[in-house]
Amino acid sequence: MEDKNIQPQGGSYPDSKVPEKFLKPYDSKATEDRIYEMWEKSGFFNPDRCVEAGATSKDEKPFTIIMPPTNANGSLHAGHGLVMTIEDIMTRYKRMCGYKTLWLPGLDHAGFETQVVYEKKLEKEGRTRFEIERSTLYKEIMDFTIANSATIKSQVRKMGASCDWSREKFTLDEDIVKVVYQTFKKLSEDDLLYRGKRIVSWCPKHQTSFSDLEIKDEERVEGFYYLKYGPFTISTSRPETKFGDKYVVMHPDDKRYAEYKDGQKIDLEWINGPITATIIKDSVIDMEFGTGVMTITPWHDPVDFGIAERHGLDKEQIIDEQGKLLPVAGEFAGMHIKKARPQIITKLQSKGLVEKIDANYKHVVRTCYKCGTVIEPQIKSQWFVRMKKLAERALEVIKSHEIVYIPEHYEKITLHWLENIIDWNISRQIVWGIPIPAKLCPTCDTGYVDLDDKIVKCDKCGGKVVKDNDTFDTWFSSSQWPYAVLGFPDNDDFKTFYPTDIMETGGDLVFFWVARMIMLGLYRTDKVPFKTVYMHGLVQDAKGQKMSKSKGNVINPLDLTAQFGTDAFRMAVVVGNTPGTSLPLSSNKVTAYKKFVNKLWNITRFVLDSTYGEELVADFDRFSEADQKHIGVRDALIAEVSKEMDEYRFYIASEKLYHYAWHEFADKILEESKPILNGTSETDKKSRKQFLLQTLSVILRALHPFMPFVTEEIWSEMPIKGKSLLIVEKWPGR
RNA sequence: GCGCGGUUAGCUCAGUUGGUAGAGCAUCCCCUUGACGUGGGGAGGGUCACAGGUUCGAAUCCUGUAUCGCGCACCA
């Protein structure tokens with residue numbers, strides 16, 4: 001008894017003359033690595049090699065994509081799978097269109113991100129970074145990064161990425177660091193850099209400061225305390241900061257407090273005994289909020305810091321870097337603020353200073369985006385970049401559409417951010433990163449940019465300077481990536497491939513990275529770093545939920561490619577996926593495209609078998625009327641698809657090709673061909689055979705950017721004289 | 001609080017200058033054994049969130065409302 005369910009595919013076709021592999025379903029596992037190796041050996045990922053081999057004309061226009069440097073601290077996730085797919089589609093399409101195409105891969109040391117990953121590893125081993133000597137820790141993380149990057153790179157290859165590995169860059173490469181240092185120096189010379197003793201966002205757990213972008217606002221319900229402060233009632237959500245409060249602030253127009261004058265002193269009883277407070281009038285006060293009176297803690301609050309700066313008030317540190325109270329807190333000194341708060345309230349209550357407590361006060365607290373620890377603002381000396389001027393130029397190029405955003409609405413978001421930009425703190429108190437080339441005077445707190453390590457004495461006070469131990473915010477280096485990797489300013493690559501054509505990345509990086517690349521690119525090179533920004537959406541699980549390790553719904557793209565093949569995975573993430581929209585990824589969808597890959601395989605079996613002995617004639621011109629009609633439909637379809645490709649609508653292009661190959665070519669044309677091929681008219685037969693071969697060759701070429709492996713594999717069996725590898729064949733119509 | 005999006009078939013989403021709604025998957029029915037059951041043909045299913053407005057005509061443009069999501073924000 002024959003069970004047709006386990007019958008081998010095509011096994012009922014004993015006289016087949018096609019190569020044996022077509023008698024079985026397409027086997028991605030047996031194919032992909034072999035094909036990728038062949039591509040890599042061919043050198044065609046490298047535009048120079050394409051020109052040498054005659055695949056690309058010497059005078060062709062360049063097309064450049066710089067790959068967002070992959071974080072070298074983990075392994076490939078679904079988001080990477082999407083990036084690699086979209087960028088590879090762009091790259092392969094342009095290469096086939098004849099452009100001098102460069103897709104430049106890179107790795108990011110990803111400063112803080114990597115350090116956090118490594119700290120978790122240390123934690124598991126029962127160690128902490130604070131007990132490891134700096135250079136040892138740096139070396140450990142470097143080894144970790146190098147080990148990881150090997151994994152990442154092999155995974156990028158698995159995705160079929162046709163990037164030029166010979167030009168690969170790492171953010172800690174010597175030449176990259178050199179460019180970053182020069183930018184630091186130039187910013188200083190142009191008065192766009194300053195060392196400021198300013199209030200910064202400090203994470204007590206990670207022991208580093210952040211820029212405004214690394215802070216996540218979180219709504220919380222906490223106690224809100226109304227405290228008696230002499231004749232006033234002040235309100236606060238943070239009683240533990242109130243020890244040093246000796247200024248009481250109100251709005252100058254507030255009639256309720258008209259009797260009090262700016263600068264007036266009053267004596268009052270406070271947490272740890274009697275103090276003298278000074279009245280300050282400032283219009284930043286919202287008369288409607290609370291009692292319209294507040295005391296200030298300039299060292300630990302940005303608003304208060306602003307008031308203190310304007311009025312020249314004293315600033316005193318209350319909480320240390322670990323989140324513990326300092327001696328100013330008297331009996332509470334050394335206690336962690338979390339523990340101290342209720343005890344402070346108890347004491348205030350016993351002194352009769354608590355008027356009322358609102359236990360359900362809803363407000364927003366600023367937390368560390370990594371660990372969720374409440375940010376403790378601290379005053380620190382750090383390097384800041386003045387952003388206003390840099391932002392102005394960026395605003396110009398975006399408004400004039402010299403840079404175009406896809407999808408469009410990212411443009412508005414970016415403009416809004418740039419218009420309200422604040423100075424950028426680029427100092428990080430972590431080991432893993434590019435060391436800031438600067439000297440600091442511990443005596444008078446002056447900072448000096450010192451690329452050549454020459455400065456030994458402070459100009460201001462004559463004191464001995466020490467090396468700045470901080471490292472750059474990782475985004476300071478990655479924001480210079482497009483020109484740095486191309487060898488700015490003198491390298492030929494920079495002259496040929498810059499400005500780049502497209503920056504394809506995730507929408508979550510629109511400020512972190514994209515906006516800053518535009519600003520620094522314009523600043524250093526006087527040109528936009530890229531002409532188009534293409535933002536893909538977040539990859540989510542099948543239910544539309546964000547993937548996270550804690551939810552356990554993380555989909556590893558490599559599991560999917562192993563199971564269904566890379567081509568199927570690529571189709572699944574690109575078909576119907578509009579830019580900017582989040583993409584729910586399910587194995588269902590990947591299965592559907594695995595079927596398509598196999599369908600193409602079976603189409604080929606039919607075409608090769610029924611045209612056996614026939615070779616594709618390049619200039620065949622005796623097509624039957626029916627075939628001419630089909631050619632018209634096909635070429636119109638290809639013209640549409642080309643237009644979609646040129647306008648980066650891969651989600652439509654891929655769908656149209658899918659539809660044509662399956663429901664037009666396979667369902668209609670192949671069925672209709674059977675009687676013709678078995679018929680008596682030799683001219684019709686000849687015409688149909690040529691048409692089938694020609695159309696299959698068109699489909700293979702058009703699908704190649706989307707499904708590179710299976711198309712290349714089929715291409716190798718096509719009866720076409722003088723063919724090249726499909727990767728450098730011409731896109732249909734070109 | 002301000003800003004930006006989304007709201008279309010059971011699910012995920014298209015719908016590019018306004019012309020009586022589309023795809024994939026899912027569901028149901030039928031058919032098929034020499035390319036392919038990872039197949040072929042067909043069906044059901046939507047008052048395009050809601051309310052106004054502009055228009056001969058609105059999913060599409062304008063105003064407002066609701067709801068979800070995201071971003072920004074120095075209300076102690």
Side-chain angles (χ1 to χ4, degrees), chain A residues 2 4-5 7 9-16 18 22-23 25-26 199 212-213 215-217 224-225 234-238 241-242 245 249 284-297 301-307 361 363-364 366 377 407-417 419-420 422 507-508 510-511 537-538 540 542-544 546 564 568 572 575-578 580-586 588-589 591-610 643-644 647 649 651-652 655-656 658-659 662-663 666-668 670-671 673-674:
Chain A
E2 222 179 37
K4 54 183 176 180
N5 286 325
Q7 212 174 16
Q9 307 276 311
S12 56
Y13 203 31
D15 303 332
S16 176
V18 298
F22 286 110
L23 301 182
Y26 172 66
I199 195 148
D212 52 319
L213 288 178
I215 307 305
K216 215 175 149 44
D217 290 348
F224 194 56
Y225 308 92
I234 59 156
S235 42
T236 182
S237 57
R238 301 202 58 197
T241 64
K242 295 285 146 195
D245 289 12
V249 192
V284 78
I285 298 294
D286 180 354
M287 289 187 268
E288 308 292 314
F289 188 85
T291 56
V293 183
M294 70 175 194
T295 60
I296 59 167
T297 314
D301 186 288
V303 182
D304 298 2
F305 180 83
I307 295 172
Y361 178 64
H363 72 147
V364 170
R366 290 151 46 86
E408 236 173 290
H409 75 262
Y410 277 102
E411 178 186 311
K412 284 186 199 161
I413 298 175
T414 303
L415 291 176
H416 185 256
W417 186 72
E419 276 158 6
N420 298 291
I422 63 170
D508 51 338
V510 62
F511 309 136
L538 236 59
Q540 302 171 326
K543 291 175 194 154
K546 196 172 172 175
F564 302 104
V575 177
N577 182 220
T578 46
T581 311
S582 54
L583 165 78
L585 184 61
S586 65
N588 248 5
K589 204 173 171 189
T591 309
Y593 291 104
K594 186 187 174 183
K595 290 185 189 177
F596 178 58
V597 170
N598 198 56
K599 184 75 181 179
L600 190 61
W601 194 248
N602 289 327
I603 287 172
T604 306
R605 168 155 73 233
F606 178 85
V607 172
L608 291 187
D609 196 77
S610 51
K643 188 164 179 279
E644 306 294 3
E647 291 166 20
R649 282 188 294 265
Y651 63 102
I652 296 180
E655 197 184 318
K656 283 185 171 171
Y658 170 94
H659 201 267
W662 198 317
H663 300 299
D667 289 351
K668 301 207 172 91
L670 295 196
E671 288 307 321
S673 299
K674 289 171 188 172

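Naming: A, B, ... by sequence-line order, numbering from 1 per chain. Hydrogens, waters and symmetry mates play no part in the numbers below; they use all other heavy atoms, side chains included.
- Between the C1' atom of B:U38 and the CZ atom of A:R605 lies a distance of 11 Å, rounded to the nearest Å.
- As rounded to the nearest Å, B:G24 and B:U20 have C1' atoms that lie 25 Å from one another.
- Across the protein-nucleic acid pair, A:N577 atom CG and B:G15 atom C1' stand 16 Å apart, rounded to whole Å.
- Only the P atoms considered, B:G52 is 23 Å distant from B:G19, to the nearest whole Å.
- At a threshold of 4.0 angstrom between heavy atoms, the contacts of A:E647 with the nucleic acid are absent.
- Between the CG atom of A:L415 and the P atom of B:C2 there is a distance of 20 Å, given to the nearest Å.
- With sequence neighbours excluded, the residues forming a ring pair (Phe, Tyr, Trp, His ring centres under 6.0 Å) with A:Y593 are A:Y658, listed by chain and number.
- Residue contacts shown for A:Y651 are limited to sugar-phosphate atoms, with no base heavy atom under 4.0 Å away.
- Rounded to whole Å, the C1' atom of B:A21 lies 13 Å from the corresponding atom of B:U47.
- Remark: C1' of B:U38 and CG of A:L600 are 13 Å apart, rounded to the nearest angstrom.
- In this view, A:H659 and A:H663 satisfy the ring pair (Phe, Tyr, Trp, His ring centres under 6.0 Å) rule, not counting sequence neighbours.
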Return the polar atom pairs (N/O with N/O) between nucleotides 24-30 of chain B and the protein under 3.5 Å, or none.
none

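- Counting only distance, with no hydrogens or angles, the side chain of A:N577 and the backbone of A:Y651 share no donor-acceptor pair below 3.5 Å.
- Rounded to whole Å, the separation between the P atoms of B:U65 and B:G1 comes to 12 Å.
- Here the closest non-hydrogen pair linking A:W601 and A:P25 is NE1-C, 3.7 Å.
- For A:E655, the side-chain hydrogen bond (donor to acceptor under 3.5 Å, both in side chains) test picks out no residue, with sequence neighbours left out.
- Looking at residues two or more places apart in sequence or on another chain, you find a ring pair (Phe, Tyr, Trp, His ring centres under 6.0 Å) between A:W417 and A:F511.
- Distance check on atom C1': B:C36 versus B:G22 gives 27 Å, rounded to whole Å.
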**Complete:** Parsed dot-bracket for RNA chain B after applying the Watson-Crick and G-U rules with both distances under 3.5 Å and | for other-strand partners is ((((((((.[[[[.)...(..]]]].(((((.......))))).....[[[[[..)....]]]]])))))))....

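- Remark: A:H416 engages no residue in a ring pair (Phe, Tyr, Trp, His ring centres under 6.0 Å) (not counting sequence neighbours).
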**Request:** Report the C-alpha separation of A:D301 and A:I296 in whole Å, then their side-chain angles, then the decisive distance to 0.1 Å, and conclude whether the side chain to side chain contact (heavy atoms under 4.5 Å, CB included) test is met.
**Result:** CA-CA 8 Å; A:D301 186 288; A:I296 59 167; over 6 Å; no

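- Nucleic acid contact class of A:L670 (heavy atoms, under 4.0 Å, all strands): base.
- Every residue meeting the side-chain hydrogen bond (donor to acceptor under 3.5 Å, both in side chains) condition with A:D245, not counting sequence neighbours, appears here in chain and number order: A:K242, A:T295, A:T297.
- Straight-line distance between the P atoms of B:G40 and B:U8: roughly 30 Å, to the nearest whole Å.
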Identify the pairs formed between an N or O of the protein and an N or O of nucleotides 69-76 of chain B at a distance under 3.5 Å, and give each distance.
unit_1	atom_1	unit_2	atom_2	d
B:A73	N7	A:D217	OD2	3.1
B:C75	O2	A:D286	OD2	2.7
B:C75	N3	A:D286	OD2	3.2
B:A76	OP2	A:Y361	OH	2.5
B:A76	O2'	A:S235	O	3.4
B:A76	N6	A:D286	O	2.8
B:A76	N6	A:F289	O	3.1
B:A76	N1	A:D286	N	3.3

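- Here A:R366 pairs with nothing under the salt bridge (charged side-chain N to carboxylate O under 4.0 Å, His left out) rule; sequence neighbours left out.
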Detail all sub-3.5 Å separations between protein N/O atoms and N/O atoms belonging to nucleotides 5-9 of chain B.
unit_1	atom_1	unit_2	atom_2	d
B:G5	OP1	A:K412	NZ	3.2

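- A:K599 meets the salt bridge (charged side-chain N to carboxylate O under 4.0 Å, His left out) test with no other residue; sequence neighbours excluded.
- When heavy atoms are screened at a 4.0 angstrom cut-off, A:L608 is found touching no nucleic acid atom at all.
- Atom C1' of B:C62 sits at a distance of 37 Å from the matching atom of B:C25, rounded to the whole Å.
- If you take atom C1' in B:U63 and the same atom in B:U27, they sit 41 Å apart, rounded to whole Å.
- A 6.0 Å sphere centred on CD of A:E288 holds no more than 12 heavy atoms belonging to other residues, nucleotides or ligands.
- As rounded to whole Å, 11 Å separates atom C1' of B:U33 from atom NZ of A:K674.
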